[in-house]
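Below is one structure; the comments refer to it alone.
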Amino acid sequence: MVITSLDNDRIKGYIKLKDRKNRKKTNTFIVEGMHSVLEAYKKGMVVELILKEDISLPLDVPYVYVTEEIIKKTKKRYFDDCSFIKIIL
């Protein structure tokens, strides 16, 4: 499934995680970039993997596929690999 709408509740939640207040409130944050994603995965910290619709990774975690438009709206920085994850502390 590919999420294409910025009005999706899950996407709205990702966007809210840009604010420190919401990260503290939910005790979650987003990690961006392939290296950081793999390090968090090795430590067992990944809740879900959010990927651009045409990318795949062989990791055993729930996936959410999104469009490039959503990637640009939800991330603080833009990486070519277009992968990021949601982590709960």
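Quantities reported herein were computed from a predicted structural model and do not represent experimental measurements.
By the side chain to side chain contact (heavy atoms under 4.5 Å, CB included) test, Asp54 pairs with Lys52, sequence neighbours left out. Qualifying salt bridge (Lys or Arg N to Asp or Glu O under 4.0 Å) partners for Lys24, counting only residues two or more places apart in sequence or in other chains: none. Lys12 meets the side chain to side chain contact (heavy atoms under 4.5 Å, CB included) test with Asp7, Asp9; sequence neighbours excluded.
No donor-acceptor pair under 3.5 Å is formed between the side chain of Tyr14 and the backbone N or O of Lys73. The closest donor-acceptor contact from the side chain of Asp19 to the backbone of Lys21 lies at 3.5 Å or more, if one exists at all.
A distance of 4.5 Å separates CD in Glu69 from CG in Leu6, rounded to the nearest 0.5 Å. Taken to the nearest 0.5 Å, the OG atom of Ser56 stands 10.0 Å off from the CG atom of Leu49. Ile70 contributes atom CD1, which lies 11.0 Å from atom CD1 of Ile50 (distance to the nearest 0.5 angstrom). Taking NZ of Lys18 as the reference point, atom CZ of Arg23 lies at 11.0 Å (rounded to 0.5 Å).
Across every non-hydrogen atom of Leu51 and Ile55, the tightest pair is CD1-O, 3.6 Å. Contact detail for Leu17 and Asn22: the closest heavy-atom pair is CD2-O, 4.1 Å.
A 4.5 Å side-chain heavy-atom check between Val66 and Ile11 finds at least one atom pair inside the cut-off. Side-chain contact between Glu48 and Val61: absent, with no pair of heavy atoms (C-beta onward) separated by less than 4.5 Å.
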Q | Full working for side chain to side chain contact (heavy atoms under 4.5 Å, CB included) between Val37 and Val46 | A | CA-CA 8 Å; Val37 166; Val46 177; 5.6 Å; no
